[in-house]
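Lettering of chains follows the sequences in order, A, B, ..., and the numbering in each one begins at 1. Keep in mind the model is a prediction, meaning the values are calculated, not measured. Side chains are part of it too, since the values below use all heavy atoms of this structure and drop only hydrogens, waters and symmetry mates.
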Amino acid sequence: MDHKREVRVRIAPSPTGDPHVGLAYITLFNYVFAKKYQGKLILRIEDTDRQRFSPSSQTKIIEALNWLGLDWDEGPDKGGPYGPYVQSARFDIYKKYADQLVADGKAYPCFCTPERLEKMRAAQKDQHEHGGYDRHCRGLSPEEVAKEKAKGSLFVIRMMTPTQGMVSFRDEIRGQIDIAATQIDDQVLLKSDGFPTYHLANVVDDHLMAITHVIRAEEWISSTPKHVLLYEAFGWEKPQFIHMPILRNADRSKISKRKNPVSLNYYRRKGVLPQAMLNFLGLMGWSFSATCETFSLTEMIEKFTWNDIHLGGPVFDVTKLGRINFHYLQKMGEDAFVKHMRNEVFSDSYLKKIHPLVIDRMDLFEDFVDRFSFFFNGALKLDLAELLPKGINPVDFISFIEKLCLRVDMLELWKKDAIETELKALLTELGWKAKDFYMPIRLMTTGRKDSPPLVETLEALGKEIVRFRLFDALSQVKTDLAIS
RNA sequence: GUCCCCAUCGUCUAGCCCGGCCCAGGACAUCGCCUUUUCACGGCGACGACGGGGGUUCGAAUCCCCCUGGGGACGCCA
């Protein structure tokens with residue numbers, strides 16, 4: 001590989017939710033590669049989707065990556081010579097480059113409504129065509145464009161892609177990839193709200209930030225030709241592309257929160273050590289040696305080569321993670337152990353959070369561990385027989401848990417009031433008796449009938465663990481029902 | 001449906017690029033035995049894979065082709 005230029009790589013998370021293990025995975029390989037060649041790692045926040053944007057997400061992402069000990073050289077929190085590092089703050093830049101493409105005849109305004117596009121896609125599906133925009137607005141005359149604009153019609157800017165030929169690029173670990181131009185449609189570059197799409201923002205920023213290697217997940221392979229076309233339209237030098245395999249669920253589909261806990265905070269809360277997490281992730285698609293599976297970040301950097309990447313999509317099966325964590329636990333030593341227990345497990349902030357919930361429910365401190373262990377546990381043992389309220393039929397009950405899970409997932413702000421509102425809304429929707437509704441939730445999340453007030457307890461437990469326990473309960477109930 | 005990527009034990013993988021040392025090595029999980037006043041830890045062992053078919057070759061897990069299987073993409077999401 002050519003490393004004449006300083007290696008500059010980036011991670012580009014979008015702040016749309018909880019920090020994801022997939023992000024940690026891709027960050028790890030970017031980090032290792034950057035360190036290996038004394039390069040720079042850049043953190044860039046891709047917040048161009050205003051619908052899904054979540055204000056707290058950026059902080060959570062930074063905290064999670066800090067926890068893992070993966071540090072970057074430039075980013076929104078650190079600054080750097082190529083800032084700003086948040087795409088919403090670069091709004092005007094994208095507009096400028098989009099306009100330039102339009103002026104050069106390499107992009108054009110499109111006035112198609114979402115409704116028309118939806119119809120078009122439906123028709124394509126019926127006729128089993130390959131899909132993609134039908135270039136309806138590509139041939140619009142300047143007069144027609146002016147007329148539409150005068151009417152105040154909303155429009156997007158689309159890239160003008162070739163209709164024939166081949167677009168090729170080289171993936172550093174997969175070799176040459178050729179995609180027929182007919183497979184590439186006229187991608188939207190600038191949305192009607194003026195924000196860029198990933199494709200535009202990503203290419204523009206990677207170029208302006210002098211990124212040399214784009215290391216991202218496999219799911220991007222089919223959009224890479226669009227990016228290649230953009231680099232060519234601008235006359236810019238392309239970075240090298242490396243597409244890592246994607247992490248999988250047990251059924252081998254792309255890892256998803258429906259089928260796997262994917263929040264890094266969940267694993268942190270569970271008591272996974274950051275070194276163990278990195279070590280485990282390093283084993284996904286890469287191997288240290290034929291016989292040794294535990295290694296430090298430094299050792300990984302020393303031995304790392306792209307040549308050793310195994311392209312089969314690894315199943316994110318945490319069974320082994322436990323064992324690896326055990327290994328790091330053994331090496332911890334007395335002081336580190338005490339420190340970890342104090343700072344992570346029994347942290348001041350967590351104890352303060354649960355203090356009002358437990359203090360009037362214990363006579364002696366000896367009651368604490370016995371009655372409130374669920375504040376520190378992971379999975380709970382559920383008595384399935386007592387879970388189902390009398391008079392509720394099992395099918396409805398399952399559907400209730402599913403709806404509950406969904407609401408928990410969607411809940412961005414994990415605060416008492418928000419949780420309460422959410423629960424009440426679901427209760428109203430179901431029309432159940434309050435007791436039939438709250439007791440199962442209490443049992444599923446705390447494992448006992450006599451917990452402190454439910455909503456406050458849920459808030460203290462945190463979204464990750466509540467979510468996990470509900471999904472766990474759901475699968476247990478489903479299995480139980482399938483058997484009987 | 002169209003295109004693209006991928007393919008070794010249940011799971012993570014070594015070996016593949018540069019064919020013979022591989023009737024395929026390690027780890028996790030599972031099971032058994034040993035150690036042990038318990039449980040763990042530890043030690044030893046068992047189970048367990050080259051998806052199928054064609055080539056090329058003296059010889060293929062390794063190279064080529066086809067099939068099959070899995071995955072991804074086809075959004076004014078990233």
Q: What nucleotide, of B:rA29, B:rG26, B:rC41, holds the atom closest to the side chain of A:F326?
A: B:rC41
Q: Considering only side-chain heavy atoms of A:I177, which listed nucleotide, B:rG71, B:rC6, B:rC4, is closest?
A: B:rC4
Q: What nucleotide among B:rC5, B:rC4, B:rC76 has an atom nearest to a side-chain atom of A:I179?
A: B:rC4
Q: So what does A:N202 hit on the nucleic acid, given a heavy-atom distance under 4.0 Å: a base, only sugar-phosphate, or nothing?
A: nothing
Q: What's the gap between B:rC65 and B:rA7 when it is taken at their P atoms, as a whole Å value?
A: 14 Å
Q: Using a cut-off of 4.0 Å on non-hydrogen atoms, how would the nucleic acid contact of A:V315 be classed: base, sugar-phosphate, or nothing?
A: sugar-phosphate
Q: With a non-hydrogen cut-off below 4.0 angstrom, is A:P314 in contact with a base, only sugar-phosphate, or nothing?
A: sugar-phosphate
Q: For a quick check of understanding: with a heavy-atom distance under 4.0 Å over all strands, which category does A:L321 fall into, base, sugar-phosphate or nothing?
A: nothing
Q: Hey, can you tell me if A:Y266 and A:F468 have their rings parallel, tilted or perpendicular (30° and 60° cut-offs)?
A: tilted
Q: Are A:W72 and A:D77 close enough that a side-chain donor and a side-chain acceptor fall under 3.5 Å?
A: yes
Q: Looking at every strand, decide which applies to A:S253 at a 4.0 Å heavy-atom threshold: base, sugar-phosphate, or nothing.
A: sugar-phosphate
Q: Using a cut-off of strictly less than 4.0 Å, decide whether A:K226 has a side-chain nitrogen or oxygen near OP1 or OP2 of B:rC4.
A: no
Q: Between B:rG53 and B:rG69, how many Å separate the two P atoms, rounded to a whole number?
A: 16 Å
Q: Among the nucleotides B:rG72, B:rC12, B:rU8, which one has an atom lying closest to any side-chain atom of A:K320?
A: B:rC12
Q: Using the P atom as the reference point in each nucleotide, state the distance between B:rU13 and B:rC23 in Å, no decimals.
A: 25 Å
Q: Looking for any heavy atom pair under 4.0 Å, which part of the strands does A:F195 touch: base, sugar-phosphate only, or nothing?
A: nothing
Q: How many Å lie between CG on A:D178 and C1' on B:rU2, as a whole number?
A: 17 Å
Q: Rounded to the nearest 0.5 Å, how far does CG of A:D205 lie from OH of A:Y198?
A: 10.5 Å
Q: Counting Watson-Crick and G-U wobble pairs only, both distances under 3.5 Å, name the nucleotide matched with B:rG45, or none.
A: B:rC31
Q: Nearest heavy-atom pair of A:N325 and A:G271: which atoms, and what distance?
A: ND2-O, 3.1 Å
Q: Consider the side chain of A:Q183, meaning its heavy atoms from C-beta on, and name the nucleotide among B:rA78, B:rU2, B:rU8 that approaches it most closely.
A: B:rU2
Q: Whole-Å distance between B:rA73 P and A:H227 NE2?
A: 13 Å
Q: How far, in whole Å, is B:rG48 from B:rU8 if one measures between their C1' atoms?
A: 12 Å
Q: Can you check the A:Y198 OH to B:rA73 P distance for me, whole Å?
A: 13 Å
Q: Taking A:R44 first and then A:E46, would you say they form a salt bridge - that is, a charged N and a carboxylate O separated by under 4.0 Å?
A: yes
Q: Could you check whether A:S256 and A:N249, counting side-chain N and O atoms only, form a donor-acceptor pair closer than 3.5 Å?
A: yes
Q: Rounded to whole angstrom, note down the C1' distance from B:rA61 over to B:rC17.
A: 14 Å
Q: Kindly confirm or rule out a cation-pi arrangement of A:K149 over A:F155, judged by NZ or CZ under 6.0 Å from the six-membered ring centre and within 45° of its axis?
A: yes
Q: How many Å lie between CD on A:Q187 and P on B:rC77, as a whole number?
A: 10 Å
Q: Specify the residue among A:G313 and A:V188 whose closest nucleotide of RNA chain B lies further upstream toward the 5′ end.
A: A:G313
Q: Among the candidates B:rC77, B:rG72, B:rG42, find the nucleotide nearest to the side-chain atoms of A:R52.
A: B:rC77
Q: Counting only Watson-Crick or G-U wobble pairs whose two distances fall under 3.5 Å, which nucleotide matches B:rC18?
A: none
Q: Show the numbers, then the answer: is there a side chain to side chain donor-acceptor pair (under 3.5 Å) between A:Y85 and A:E74?
A: CA-CA 8 Å; A:Y85 294 91; A:E74 300 167 26; 2.6 Å; yes
Q: Go through B:rC17, B:rA78, B:rG26 for me and flag the one nearest to the A:N307 side chain.
A: B:rC17
Q: Does the base of B:rC4 carry an N or O that pairs as donor and acceptor with the side chain of A:S222 under 3.5 Å?
A: no
Q: Write down the distance separating the C1' atoms in B:rC39 and B:rG52, rounded off to the nearest Å.
A: 48 Å
Q: When all nucleic acid strands are considered with a 4.0 Å heavy-atom cut-off, which category describes A:C110: base, sugar-phosphate, or nothing?
A: nothing
Q: Using a cut-off of less than 4.0 Å, is there contact between a side-chain N or O of A:R121 and OP1 or OP2 of B:rC76?
A: yes
Q: Partner lookup for B:rU2, please. Criteria are Watson-Crick or G-U wobble with both distances under 3.5 angstrom; report none if nothing qualifies.
A: B:rA73
Q: Look at A:K478 together with A:E402 and state whether they make a salt bridge at an N to O cut-off of under 4.0 Å.
A: yes
Q: If I take atom CD1 in residue A:I173 and atom C1' in nucleotide B:rC6, what distance separates them, rounded to the nearest angstrom?
A: 12 Å
Q: What integer distance in Å separates A:D308:CG from B:rG26:P?
A: 20 Å
Q: Expressed in angstrom and rounded to an integer, what is the separation of A:E219 atom CD from B:rC5 atom P?
A: 16 Å
Q: Taking only side-chain nitrogens and oxygens of A:K254, does any of them come within less than 4.0 Å of OP1 or OP2 of B:rA73?
A: yes
Q: Need one value for A:R323: base, sugar-phosphate or nothing, where a base atom within 4.0 Å counts as base even if backbone is also close, heavy atoms only.
A: sugar-phosphate
Q: Looking at A:R158, I'd like to know whether one of its side-chain N or O atoms comes within less than 4.0 Å of OP1 or OP2 on B:rC76.
A: yes
Q: Could you state the atom-to-atom distance from OH of A:Y133 to P of B:rA73 in whole Å?
A: 24 Å
Q: Using atom P of each nucleotide, how far apart are B:rC50 and B:rU11 to the nearest Å?
A: 13 Å
Q: Hey, does the side chain of A:K270 reach the backbone of A:I465 with a donor-acceptor pair shorter than 3.5 angstrom?
A: no
Q: Would you say A:R252 places a side-chain N or O within less than 4.0 Å of OP1 or OP2 belonging to B:rG69?
A: no
Q: Which one, B:rC5, B:rU2, B:rG75, comes nearest to the side chain of A:R174?
A: B:rC5
Q: When the C1' atoms of B:rC9 and B:rA46 are considered, how many whole Å apart are they?
A: 14 Å
Q: B:rA24 pairs with which nucleotide, Watson-Crick or G-U wobble, both distances below 3.5 Å?
A: none
Q: Does A:R50 reach a base, just sugar-phosphate, or nothing at all? Heavy atoms under 4.0 Å.
A: nothing
Q: Among residues at least two apart in sequence or on other chains, which ones pass ring-ring contact (aromatic ring centres under 6.0 Å, His included) with A:F288?
A: A:F295
Q: Could you check whether the rings of A:H207 and A:W236 sit parallel, tilted or perpendicular, using 30° and 60° as the cut-offs?
A: parallel
Q: Nearest to the A:T319 side chain among B:rC16, B:rA78, B:rC28, which nucleotide is it?
A: B:rC28
Q: Which of residues 278-293 of chain A have a heavy atom under 4.0 Å from RNA chain B?
A: A:L283, A:M284, A:G285, A:S287, A:A290, A:T291, A:E293
